[in-house]
Amino acid sequence: MENAAIARVFQEIADLLEIKGENAFRIRAYRAAADSVADCPERVADLPADRLHELPGIGKDLAAKIRELADTGGLAYHRTLLEEFPPSILDLLKLQGVGPKTVALLYRTLGISTLDELESAASTGRLRAIKGMGAKKEELILKALDERRRFSGRHLLADTHRVASTLVEHLRARAPHATIEPVGSLRRGSETCGDIDILAAGAPPEIMDWFTSAPAIARVLGRGDTKSSVLLDDGYQADLRLVPPESLGAALQYFTGSKAHNIALRDRALQRGLKLNEYGLFTVDDGTRVAGATEQEIYAALDLPFVPPELREHRGEIEAAGERRLPALIDRGDLRGDVHMHTTATDGHDDIETMARAAEALGYEYLAITDHSKALAMANGLDERRALAHAKAIREVGRRLEHVTVLAGIECDIRPDGSLDLADDCLAQLDLVIASVHSGFNQDEAQMTDRVLAALDNPWVDVLGHPTGRLLLRRDPYRLDVERVIQAAADAGVALEINSQPDRLDLSDVQARLARDRGVPIVISTDAHSHRGLDLVRWGIAVARRAWLEAPDVLNTRPFGEFRARLRRHRTSDARIASRR
DNA sequence: GCCGTTTTCGGCCCGACTGTTTTCAGTCG
């Protein structure tokens, strides 16, 4: 059983306990356990009991429940709860403005357990008959039902960034002297964002009007002096908080989250007799302000160095900060090359020279052109003859360019049987080979894992491209034992890619961190299909930072000579390669 | 249900906004 599936069961139990009105701390324990399982880079179902207990928030009871889920695929306690309430009742919880108390009330008084039943009750005026419900609430529920149909919730990081930037610029233009910053999951660089959080400090009160009347706003959910919420036309919820300038740092810290990081930080504050909220850090005794204007001074007052937002996921960053061993996170400026991109030879939009000059303009020292191989007929993939001719053309362009080295590479398909799409003799004549899966996604885990391991065994494979094949918000990763693949990559000296395409971000942050810990070299690439696509690297950098990566962990931060020397084909003692050298 | 440099019991983060409440409960983040 996958971690995500176990986490889902725990979240459902938490939801059901909330509807039952159970002890809030017990509910929180289930939610913390769900996060802990979801964040674990290894399959918790495979962990022995003593390792389970090492996971934060997993004690005797929850360890036993994980074991039961892993062994039987189900959980008796979960089934018992589902006998008390129909499972469809959980859909109601997802509606804006409908929480567990309301769901319980609807179920007990009117027997409502599905979205359709709720819609029918709301539209026929039966809801307002319930004590505590009025016409306003009824109207709110109808709107929430309509919105649920139109918007499904989460958005890609890159899309969220674009929408938030427009909104932030709209506000900055009107309040030029204020500090206005996006916070929340966007600032942490999460791969997907649920909504947009914006923080303003030192802005006039009218900022709330500018916000609630901004372009592209579909509905105002709430409007106050310090907090307002709106729904945007394209399905985003956006929140604006206004705080006094002396609270800017505290508010930045608070609204950037994550929730788990904040809880841990507040706990650390309490241990020191301090209370942390969005207005500042205060003594518990008499409420004296200790810090609040900057994030730095808050962390400093808690005996911590500044923790970069990307690390604030409660994945060991507070302990690491306390022990002064936070990583020096990689920056975009550390990259010296982009080694995965396409041209008009296959499905790219620009030719070799345009791509090379664009990479040069970004200040890169080298790049690799890696078009598709013949299995991707749809993309006009290259066979051996064309691949070698293309390599010749790439090297010719390279000779004309003074400041950038151009590598002739390929993104070679991994066939369903694990063999590569191009002959070894061809691959051996290229400068860099990325192997990727682009088809046959429906294989079972054993087949898919064997397939990828077979590809890693080919001595000419330098990089495994988008290792899990996921498409965010669209397609799950293919069934693959990622841990075994990471171990095999470590053994063979093959690099794993962090693909910067906003809907891939593959490897994920947690997987990339595990890979680095196992000694696997990482490359951060764009997989660009046009010269503008080279800019997407910022999203790959975001993943790398969330994976705690430092510049030396990433192969393409190395100067060209060193980068080349560290490619598998140049460092392995494999006899098959040695005989070619 | 978890957790422990006061602890195996008794804690567990906290404030803003809305609606229907005339003093507060529910929801959200």
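Computed from heavy atoms alone, side chains included, the values below leave out hydrogens, waters and symmetry copies. So that the names make sense, note that chain A is the first sequence line, chain B the second, and so on, each numbered from 1.
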Student: Quick check on A:Asp303: does its CG atom have over 12 non-hydrogen neighbours (other residues, nucleotides or ligands) under 6.0 Å away?
Tutor: yes
Student: Closest to the A:Gln237 side chain: B:dG26, B:dG1, B:dG29?
Tutor: B:dG29
Student: Can you find a side-chain donor-acceptor pair between A:Glu313 and A:His261 that sits under 3.5 Å?
Tutor: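 No, no side-chain donor-acceptor pair sits under 3.5 Å.
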Student: I'd like to know if A:Glu319 pairs up with A:Arg325 as an ion pair, taking the criterion as any Lys NZ or Arg NE/NH1/NH2 lying under 4.0 Å from an Asp or Glu carboxylate oxygen.
Tutor: no
Student: So, does A:Ser229 get its side chain near the phosphate of B:dC28, meaning an N or O under 4.0 Å from OP1 or OP2?
Tutor: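 No, A:Ser229 has no side-chain N/O under 4.0 Å of OP1/OP2 on B:dC28.
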Student: Tell me: CD1 of A:Ile13 to P of B:dG1, nearest whole Å?
Tutor: 9 Å
Student: Round to a whole Å and report the spacing from CD1 of A:Ile66 to C1' of B:dG1.
Tutor: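 So the CD1-C1' distance, A:Ile66 to B:dG1, works out to 13 Å.
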Student: Please figure out whether A:Leu62 or A:Asn262 has its closest DNA chain B nucleotide nearer the 5' end.
Tutor: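 This one resolves to A:Leu62.
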Student: When rounded to the nearest Å, what value does the distance between C1' atoms of B:dT5 and B:dG1 take?
Tutor: 24 Å
Student: Rounding to an integer number of Å, can you tell me how far A:Leu274 CG sits from B:dC14 P?
Tutor: 12 Å
Student: Round to the nearest Å and state the distance from A:Leu106 atom CG to B:dG26 atom C1'.
Tutor: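 Distance, rounded to whole Å: 13 Å.
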Student: Atom CZ of A:Arg31 and atom C1' of B:dG29: how far apart are they, to the nearest Å?
Tutor: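 For the pair A:Arg31 CZ and B:dG29 C1', the rounded distance is 13 Å.
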Student: With rounding to whole Å, what would you report as the distance between B:dT6 and B:dC12 at their P atoms?
Tutor: 16 Å
Student: Determine the interatomic distance between C1' on B:dC3 and the same-named atom on B:dT8; round to the nearest Å.
Tutor: 9 Å
Student: When the P atoms of B:dC28 and B:dT20 are compared, how many Å lie between them, rounded to an integer?
Tutor: 15 Å
Student: Indicate yes or no: does A:Glu169 engage A:Arg172 in a salt bridge with an N to O separation below 4.0 Å.
Tutor: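 Looking at A:Arg172 together with A:Glu169, the answer is yes, because their closest N to O distance falls below 4.0 Å.
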Student: Would you measure the distance from the P atom in B:dT21 across to the matching atom in B:dC17 and give it in whole Å?
Tutor: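 That atom pair is separated by 22 Å.
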Student: When the distance from CD1 of A:Ile263 to C1' of B:dC12 is rounded to whole Å, what number comes out?
Tutor: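 For the pair A:Ile263 CD1 and B:dC12 C1', the rounded distance is 9 Å.
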Student: In plain terms, say whether A:Glu445 and A:Arg479 are close enough for a salt bridge, that is, a side-chain N and a carboxylate O under 4.0 Å apart.
Tutor: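 A salt bridge is absent here (no side-chain N lies under 4.0 Å from a carboxylate O).
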Student: What does A:Lys60 touch in the nucleic acid at a heavy-atom separation under 4.0 angstrom: a base, only the sugar-phosphate, or nothing?
Tutor: sugar-phosphate
Student: Answer with base, sugar-phosphate or nothing: what part of the nucleic acid does A:Asp239 contact at a heavy-atom distance below 4.0 Å?
Tutor: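 A:Asp239: backbone/sugar contact only, no base atoms under 4.0 Å.
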Student: What's the CG-P distance between A:Leu276 and B:dC14, to the nearest Å?
Tutor: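 Taking atom P of B:dC14 as the reference, CG of A:Leu276 is at 9 Å.
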Student: Start with the C-alpha distance between A:Lys275 and A:Leu281, add both sets of side-chain angles, then the distance that settles side chain to side chain contact (heavy atoms under 4.5 Å, CB included), and finish with yes or no.
Tutor: CA-CA 6 Å; A:Lys275 196 178 80 135; A:Leu281 185 64; over 6 Å; no
Student: Applying ring pair (Phe, Tyr, Trp, His ring centres under 6.0 Å), name anything that partners A:Trp548, two or more places apart in sequence or on another chain.
Tutor: none
Student: Considering every strand shown, what is the Watson-Crick or G-U wobble mate of B:dT8 when both distances are under 3.5 Å?
Tutor: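 Looking at the geometry, B:dT8 pairs with no nucleotide.
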Student: Could you measure between the two C1' atoms, the one in B:dT7 and the one in B:dG11, and give it in whole Å?
Tutor: 9 Å
Student: Let me spell it out: for each of A:Val103 and A:Lys65, pick the nucleotide of DNA chain B with the closest heavy atom. Which residue's pick is nearer the 5' end?
Tutor: A:Lys65
Student: Separation of A:Leu270 atom CG from B:dC3 atom P, in whole Å?
Tutor: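 After rounding, the reported distance stands at 18 Å.
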Student: Across nucleotides 15-23 of chain B, 5' to 3', mark each nucleotide with B, S or - according to how protein heavy atoms within less than 4.0 Å reach it.
Tutor: SSSSSS---
Student: Assign A:Leu95 to base, sugar-phosphate, or nothing according to its heavy-atom contacts below 4.0 angstrom with the strands shown.
Tutor: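 Sugar-phosphate contact only - A:Leu95 comes under 4.0 Å of backbone atoms but never of a base.
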Student: Parallel under 30°, tilted from 30 to 60°, perpendicular over 60°: which one fits the rings of A:Tyr299 and A:Phe306?
Tutor: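 Ring orientation of A:Tyr299 relative to A:Phe306: perpendicular.
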